[in-house]
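A short write-up of the structure that comes next.
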Amino acid sequence: MTTPEELVKLALKARERAYTPYSGFAVGAALLCSDGSVYQGCNIENAAFGPTVCAERVAVFKAVSEGKRDFAGLAVAGGRAGEEVSGLFPPCGVCRQVLREFCALDFPLYLVKENNTFETHVLGELLPFSFSNADMN
Ligand code: THU
């Protein structure tokens with residue numbers, strides 16, 4: 001099984017493929033599925049701005065569209081394009097909610113910071129008192 005350290009490396013690799021001519025801000029993500037497979041994502045911007053998608057959602061949607069719904073962890077790395085990651089990058093609110101659709105509150109996120117080190121946080125910390133499919137019952 002891919003370790004958090006390896007997942008972080010895959011997020012950093014995905015970050016190199018970010019398409020960010022407008023913000024100049026490059027984000028990479030690597031999503032580990034419970035079956036051991038990994039889906040990478042990068043942010044993809046658009047001249048019309050609105051269609052821009054975040055790296056995390058690209059990774060989740062790639063996985064779900066391939067039939068994966070059970071996830072074990074997500075690594076995320078963001079920072080100025082062409083530069084090393086200089087600080088921790090917390091996923092946006094929309095990405096947190098998308099993760100909540102498929103992940104429990106103890107789902108781990110490995111957030112990359114300076115020198116490619118990382119901090120582990122769980123989804124429940126990032127999205128407390130969340131609305132989820134459990135509230136639809
Ligand atoms: N971005 C992500 O890829 N993930 C997030 O969680 C927040 C922001 C991207 C979108 C845009 O291309 C750039 O970062 C600046 O907002």
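Heads up: numbering here begins at 1 and tracks the sequence. Scope of the values below: all heavy atoms of this structure, side chains included, with no hydrogens, waters or symmetry mates.
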Do the side chains of [Y] and [X] get nearer than 4.5 Å, heavy atoms only?
X	Y	result
Leu32	Met1	yes
Thr120	Phe118	yes
Leu109	Leu99	yes
Val76	Glu56	yes
Thr20	Phe25	no

What about Phe107 and Phe71, are their ring centers closer than 6.0 Å?
no
Hydrophobic clustering (ILVMFWY, side-chain heavy atoms < 4.5 Å, transitive) - are Leu7 and Val85 grouped together?
yes
Answer yes or no: does atom CG of Asn133 have more than 12 heavy-atom neighbours from other residues, nucleotides or ligands under 6.0 Å?
yes
Is the CD atom of Glu84 crowded by more than 12 outside heavy atoms at less than 6.0 Å?
no
Reported OG1-to-CG distance for the pair Thr117 and Leu111, which is rounded to 0.5 angstrom:
11.0 Å
Exercise: do Ser37 and Asp35 side chains pair donor with acceptor under 3.5 Å
yes
Would you call Glu6 and Lys9 a salt bridge, taking side-chain N to carboxylate O under 4.0 Å as the test?
no
